[in-house]
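Counting convention: from 1, in listed order, for ligands and their atoms alike. All residue numbers refer to positions in the sequence shown, counting from 1.
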Amino acid sequence: MALIVQKYGGTSVGTPERIKNVARRVAKFKAQGHDIVVVVSAMSGETNRLIALAKEIQTNPDPRELDVIVSTGEQVTIGLLAMALKEAGVDAKSYTGGQVKILTDSTHTKARIQSIDDDAMRADLNAGRVVIVAGFQGVDPEGNITTLGRGGSDTSGVALAAALKADECQIYTDVDGVYTTDPRVVPEAKKLKTITFEEMLEMASLGSKVLQIRSVEFAGKYNVKLRVLSSFQEEGEGTLITFEEDPNMEKPVVSGIAFNRDEARINVTGVPDKPGIAYQILGPVSDANIDVDMIIQNVGKDGTTDFSFTVPKPDLARTIKVLEGVQAHIGAAQIDGDDKICKISIVGVGMRSHVGVAATMFRTLAEEGINIQMISTSEIKISVIVDEKYLELAVRVLHKAFGLDKG
Ligand code: ASP
Ligand code: MG
């Protein structure tokens with residue numbers, strides 16, 4: 001008998017019929033003797049609908065009130081699922097984040113979980129009930145409703161698993177696991193049986209949307225055994241996120257390819273090559289709360305240098321404005337931006353012990369005539385920025401070049 005936290009995403013609870021299906025699955029685990037805590041998202045499309053509704057009243061919705069509004073999506077699904085379980089003859093009880101309570105800081109729309117009270121949930125589990133908790137939401141010390149950022153139910157699930165010291169956290173979604181790359185781009189993409197926690201963290205931060213990155217960080221920090229599975233398949237092991245590499249298993253050099261169409265590139269050219277210049281450029285950008293991702297500074301020549309970095313696409317215009325404000329002070333010749341780019345990354349812990357991975361990547365892209373605009377590397381990943389029109393082609397040829405289609 002185990003304590004299992006199961007998280008069901010929006011598509012898995014998208015219709016009453018699907019909610020009944022989830023209830024059947026939960027009942028099956030329950031019948032096997034397990035203790036089950038279920039975390040649910042809002043029905044698919046609901047959070048978007050609520051945000052749009054709020055924006056019809058206020059173009060820039062008040063963050064506190066927006067949280068009051070969007071948290072209702074999950075409040076509906078917990079009630080519906082509890083009813084569906086009761087209909088299936090399983091005793092169940094629903095909790096909002098505040099009722100649990102899932103205490104967060106007060107950063108509305110992207111709050112962080114600080115602690116979780118497990119008393120009420122334990123009492124229900126001991127009484128033989130299935131506990132259903134609203135994902136995505138919590139409550140701050142003043143009692144305000146908070147939400148955890150888009151995709152935040154994953155983090156709710158993992159955080160609950162950590163707090164309850166659950167044996168496993170199962171994330172049920174519309175795909176049956178983590179793939180070598182997005183199967184919509186490469187139909188030959190293969191499902192991974194396991195992926196290391198570090199690789200998953202890279203994949204999530206590089207644009208694979210299977211798990212919210214914060215949930216992966218949480219799992220790493222608290223050693224939560226995390227598994228991604230499909231809610232539409234009866235059987236299947238999904239993908240297990242592992243902490244240790246199995247020494248007996250021959251690891252592929254590259255485990256997966258992630259991509260991200262959501263970044264834009266900024267170039268600051270002809271800046272004086274002197275100490276403090278990176279800070280003078282990026283300081284104001286960070287003060288404006290804009291996330292900077294890849295950064296490249298060239299070796300200076302004739303006293304000046306070029307500086308490039310990427311920011312989220314929606315922040316491009318704002319970043320340029322911020323930089324134009326300090327352009328004279330920095331002494332930069334030119335500032336320009338390009339949002340027709342994408343980032344493609346190959347990820348794998350096997351890279352640590354293999355040489356020539358970068359060369360293979362660059363040769364593969366060169367053979368297709370794809371120009372690389374920026375490169376960045378870490379121990380287990382190599383990312384490149386290329387023209388967005390090459391995204392599909394680049395991912396496809398890289399997937400093949402690293403043998404990922406062979407499984
Ligand atoms: N319902 C929220 C969203 O759509 C949270 C989640 O589904 O994880 O972002
Ligand atoms: Mg999700």
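Distance check, rounded to the nearest 0.5 Å: CZ of R25 to CD of Q6 gives 7.5 Å. In this structure, CG on L81 lies 11.0 Å from OG on S12, to the nearest 0.5 angstrom.
Under a 4.0 Å criterion applied to the non-hydrogen atoms of E74, ligand 1 contributes the atoms 1 (N), 2 (C), 5 (C). The S41 neighbourhood of ligand 1 comprises atoms 6 (C), 7 (O), 8 (O), with distances under 4.0 Å to a heavy atom of that residue. Under a 4.0 Å criterion applied to the non-hydrogen atoms of G151, ligand 1 contributes the atoms 3 (C), 5 (C), 6 (C), 8 (O), 9 (O). Near R150, meaning under 4.0 Å from any of its heavy atoms, are these atoms of ligand 1: 3 (C), 4 (O), 9 (O). The ligand atoms of ligand 1 that sit less than 4.0 angstrom from a heavy atom of S153 are 5 (C), 6 (C), 7 (O), 8 (O).
Ionic pairing of D105 and R112 is not present here: no N-O contact between side-chain nitrogen and carboxylate oxygen is shorter than 4.0 angstrom. Taking 4.0 Å as the cut-off between side-chain N and carboxylate O, K28 and E234 count as a salt-bridged pair.
Of the N or O atoms in K7, none lie within a sub-3.5 Å distance of an N or O in ligand 1. Close N/O approach between F136 and ligand 1 is not found [any backbone or side-chain N/O within under 3.5 Å].
Partner of D140 under the side chain to side chain contact (heavy atoms under 4.5 Å, CB included) criterion, chosen from T146, D67, I145: T146. Each of D293, N260, D262 was scored for a side-chain hydrogen bond (donor to acceptor under 3.5 Å, both in side chains) with K343, with one residue passing: D293.
Taking a 4.0 Å cut-off on heavy atoms, G9 fails to register as neighbouring ligand 1.
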